[in-house]
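Here is the naming used below: chain letters follow the sequence lines, and residue numbers restart at 1 for every chain. Because the structure is predicted, anything quoted here is derived from the model rather than measured. Atom set for the values below is all heavy atoms of this structure, side chains included, hydrogens, waters and symmetry mates excluded.
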There are 2 protein chains.
Amino acid sequence: MGLDVVLREMGCKVTPQRLAIYEVLQNCNMHPTAESIYNIISADYPTMSLATVYKTLDLLKETGIIQELNIGGNTSRYDVIPKPHPHVICTKCGKIENMDMPLSKSLINKAKKACDYDIHNLQLYFYGVCPYCKNAK
Amino acid sequence: MGLDVVLREMGCKVTPQRLAIYEVLQNCNMHPTAESIYNIISADYPTMSLATVYKTLDLLKETGIIQELNIGGNTSRYDVIPKPHPHVICTKCGKIENMDMPLSKSLINKAKKACDYDIHNLQLYFYGVCPYCKNAK
DNA sequence: ACCCTAATTAATAGTTATTATCTAATAACA
DNA sequence: TGTTATTAGATAATAACTATTAATTAGGGT
């Protein structure tokens, strides 16, 4: 389902800026920061504002089609949500990658037993050293 | 093993400020921010500086006896490390709690198979609505 | 116990990510 | 096409954190 449909369903306007930001996130699997999204888009939309990027990212988060990643450092990164997946972060170079590894349903079930929350989401981050940095040393 | 021993082993000085900050983290299971640690300690150490809190937290992170949590929002929270455990965050009130739920060794093993990283750490966050907020509605 | 020195604190200024505000532009609908 | 509420863009403001620097202090040597 396209972003335009989702936006209209929420009563939000479909603007080129929003589509462009979402497109960057889809075509770019490197989990960009708000600022790198801004830089990428500035080439085509010289009038794009960083504030717009932030506002749009918030909106897309609310719609549930992207997620914000908090992996340490003081900068958030963003990610389209095809299906829930863990992330690996290289503690040397800071790169962050999707992991093709299913988040077992049983993990949420165990969590539900371990506390009294209505759990609706989870984030799993692994920290380590990537193959490139391993060899670089 | 006490903090003083750890610090001396690292060739760092044992100062009342450092001990105080660590003590707050130990006696307080609410995962404080740097600023709330500062506020708590200010009562006893009126001369304490926020910068000192940040530097000490960084140092304690390096020693490996505390960890920094990135749960969204733009503020880091801190936590002593008794043994690795997941966290639950209430998406209504922002409270964050430790979960008494083992992080199975197999999770890391699966991760090691799924990518080529030397994985040395992981963070697992669950997001949901806490019992109190459930009832409040 | 006292001194010396390097490490650390405290105060403050600076930086950076993010948010708020406000005016101009524009998507959606009649 | 015209109207209107929403959104974009520019910029100022905020908040978390970091760098700097002078003053203080822990810890080893005497």
Participant: Nearest 0.5 angstrom please: Ile89(A) CD1 to Ile96(A) CD1, how far?
Facilitator: 4.5 Å
Participant: Round to a whole Å and report the spacing from CG of Leu59(B) to P of dA26(D).
Facilitator: 16 Å
Participant: Taking Asp58(A) first and then Lys61(A), would you say they form a salt bridge - that is, a charged N and a carboxylate O separated by under 4.0 Å?
Facilitator: yes
Participant: Which sits closer to the 5' end of DNA chain D, Cys12(B) or Asp58(B), going by the nucleotide each is nearest to?
Facilitator: Asp58(B)
Participant: Using a 3.5 Å distance criterion without hydrogens, assess whether the side chain of Thr91(A) forms a donor-acceptor pair with backbone atoms of Gly128(A).
Facilitator: yes
Participant: Could you tell me how far apart Lys13(A) (NZ) and dA5(D) (P) are, to the nearest whole angstrom?
Facilitator: 10 Å
Participant: Does a nitrogen or oxygen in the side chain of Thr15(A) sit under 4.0 Å from OP1 or OP2 of dT6(D)?
Facilitator: no
Participant: Distance check needed: dA27(C) P versus Arg8(A) CZ, whole Å only.
Facilitator: 11 Å
Participant: Side chain of Lys55(A) only, heavy atoms from C-beta on: which candidate in dA26(D), dA8(D), dT7(D) is closest?
Facilitator: dA8(D)
Participant: Report yes if at least one side-chain N or O of Arg18(A) is closer than 4.0 Å to OP1 or OP2 of dA8(D); otherwise report no.
Facilitator: yes
Participant: When the distance from NZ of Lys61(A) to P of dT19(C) is rounded to whole Å, what number comes out?
Facilitator: 7 Å
Participant: To the side chain of Ser49(B), which of dA10(C), dG9(D), dA5(D) is closest?
Facilitator: dA10(C)
Participant: Could you tell me whether Thr52(B) contacts a base, only the sugar-phosphate backbone, or nothing, with contacts defined as non-hydrogen atoms closer than 4.0 Å?
Facilitator: base
Participant: Does anything in residues 27-36 of chain B reach DNA chain C, meaning a heavy atom under 4.0 Å, and if so which residues?
Facilitator: none
Participant: Calculate the interatomic distance between Leu7(A) atom CG and dT7(D) atom C1'; express it in whole Å.
Facilitator: 12 Å
Participant: Does a side-chain N or O of Tyr54(B) approach OP1 or OP2 of dC17(D) to a distance below 4.0 Å, or not?
Facilitator: yes
Participant: Rounded to whole Å, how long is the line connecting atom OH of Tyr45(B) with atom C1' of dT24(D)?
Facilitator: 15 Å
Participant: Write down the distance between OH (Tyr38(B)) and C1' (dT9(C)), rounded to a whole number of angstrom.
Facilitator: 13 Å
Participant: Can a side chain N or O of Thr47(B) be found less than 4.0 Å away from OP1 or OP2 on dA10(C)?
Facilitator: yes
Participant: Count the heavy atoms of every other residue, nucleotide or ligand shown that sit under 6.0 Å from CG of Asn27(B), and state whether that count exceeds 12.
Facilitator: yes
Participant: Out of dA10(D), dG27(D), dA10(C), which has the shortest distance to the side chain of Val14(B)?
Facilitator: dG27(D)
Participant: Out of Lys95(A), Glu97(A), Lys134(A), which residue meets the side-chain hydrogen bond (donor to acceptor under 3.5 Å, both in side chains) rule with Tyr117(B)?
Facilitator: Glu97(A)
Participant: Between dA10(C) and Gln17(B), is there an OP1 or OP2 to side-chain N/O distance shorter than 4.0 Å?
Facilitator: yes
Participant: Check the phosphate of dT18(C) against Ser76(A), side-chain N and O only, distance under 4.0 Å to OP1 or OP2. Yes or no?
Facilitator: yes
Participant: Using atom CG of Leu60(B) as one end and atom C1' of dT8(C) as the other, report the distance to the nearest whole Å.
Facilitator: 14 Å
Participant: For the pair Glu68(A) and Ser76(A), evaluate side chain to side chain donor-acceptor pair (under 3.5 Å) and give the outcome as yes or no after the intermediate values.
Facilitator: CA-CA 7 Å; Glu68(A) 185 177 358; Ser76(A) 287; 2.5 Å; yes
Participant: Going through the distances and angles, do Asp100(A) and His85(A) end up as a side chain to side chain donor-acceptor pair (under 3.5 Å)?
Facilitator: CA-CA 7 Å; Asp100(A) 186 15; His85(A) 55 264; over 6 Å; no
Participant: Given the rule in the side chain to side chain donor-acceptor pair (under 3.5 Å) test, do Gln123(B) and Gln123(A) qualify, once you have shown the distances and angles that lead to the verdict?
Facilitator: CA-CA 8 Å; Gln123(B) 288 289 349; Gln123(A) 289 289 349; over 6 Å; no
Participant: Counting only side-chain heavy atoms from C-beta out, which of dA17(C), dA11(C), dA16(D) sits nearest to Thr75(A)?
Facilitator: dA17(C)
